[in-house]
Structures are given as C-alpha cells and as structure tokens.
Amino acid sequence: MITCYLRYVIDPYKAKEFEHYARLWIPLVNRLGGTHHGYFLPHEGANNIALALFSFPSLADYETYRQKMADDAECQSAFAYAEETRCILSYERSFMRPIF
C-alpha cells in the first residue's frame, strides 16, 4: 500500500472555497480506485495549512488513477474550481508506506 500525503498552503480568506474543493475530491478519489482518508483543515495553529491523505494498493495503481483523472470531466471541473477561486497557493505531494 502507498499513501499520498498532500500538504496544501491555502489562502486563509478562502478556507470555505478550499473546503468545497476538498469535498469534491473525496468521492472522486474513491471512485477512481483509491481510498480517501479525508482532508484536514486548519483549526488551531497555522491558518493556512491543510492536509489530505489517500491510499492506493501500489504506486502503479496511483499512476493508473492519475491517467484516469486526466480524462475525467468531474476531476477537470474540480481542478478548474481551484484555479478560479485561487484557494490553493501551493502544495507538496509525498508518498509514504504505512506500517500498521
């Protein structure tokens, strides 16, 4: 299993827009073969950092997801929403291997 860890720097004045964006992606990742573990939005501490975690059985399965995502109209709409609202300033993506 591989887990994708996304660390977002968001515009704190557009937290509601980012939350909408996050809610769009959870079912999309699940529909395209992943398991979304949720988004984690600012509450206490830094007001501009958000996280997301989702897993795939392997890195190859994640790459298949990326290919499907590129052709999926709902995914492209979600990306467009983020661009329109400019709620995401930057992000970092890392892949981790969980130990249970």
Quiz: residues 69-83 side-chain donor-acceptor pairs under 3.5 angstrom, not counting sequence neighbours:
from, atom 1, to, atom 2, distance (Å)
D72, OD1, R31, NH2, 3.1
D72, OD1, E74, N, 3.0
D72, OD1, C75, N, 3.0
D72, OD2, R31, NH1, 3.0
D72, OD2, R31, NH2, 2.9
E74, OE2, R31, NH2, 3.1
Q76, NE2, M69, O, 3.0
Q76, NE2, A70, O, 3.3

Going by the rule ring pair (Phe, Tyr, Trp, His ring centres under 6.0 Å), which residues pair with Y5 if we only count those two or more places apart in sequence or in a different chain?
none
Among residues at least two apart in sequence or on other chains, which ones pass salt bridge (charged side-chain N to carboxylate O under 4.0 Å, His left out) with R23?
E19
Can the ring centroids of Y39 and H36 be said to lie less than 6.0 angstrom from one another?
yes
For a 4.5 angstrom cut-off between non-hydrogen side-chain atoms, does F54 reach I26?
no
What's the separation between atom [atom1] in [X] and atom [atom2] in [Y], rounded to the nearest 0.5 Å?
| X | Y | atom1 | atom2 | result |
| --- | --- | --- | --- | --- |
| I10 | I88 | CD1 | CD1 | 8.5 Å |
| Y8 | L51 | OH | CG | 9.5 Å |
| Y13 | N48 | OH | CG | 10.5 Å |

Taking every heavy atom of P57 against every heavy atom of G33, the minimum-distance pair comes out as CD-O, 4.4 Å
Between T3 and L53, what is the shortest heavy-atom contact and its length?
CG2-CD2, 4.1 Å
Which of these passes side chain to side chain contact (heavy atoms under 4.5 Å, CB included) with L32: K68, Q67, R66?
K68
Can I get a per-line list of side-chain donor-acceptor pairs under 3.5 Å for residues 91-100, giving both atom names and the distance, sequence neighbours left out?
from, atom 1, to, atom 2, distance (Å)
R93, NE, Y62, OH, 3.4

For residues 38-64, which residue pairs qualify under salt bridge (Lys or Arg N to Asp or Glu O under 4.0 Å), counting only residues two or more places apart or in two chains?
none
Name all pairs fulfilling the salt bridge (Lys or Arg N to Asp or Glu O under 4.0 Å) condition that reach into residues 46-60, sequence neighbours left out, sorted by first residue then second.
none
Is Y65 linked to L28 within one hydrophobic cluster, defined over Ile, Leu, Val, Met, Phe, Trp and Tyr using a side-chain heavy-atom separation of less than 4.5 Å?
yes
Counting N and O atoms only, with roles assigned by atom type, does the side chain of D11 sit under 3.5 Å from a partner on the main chain of L89, one being a donor and the other an acceptor?
no
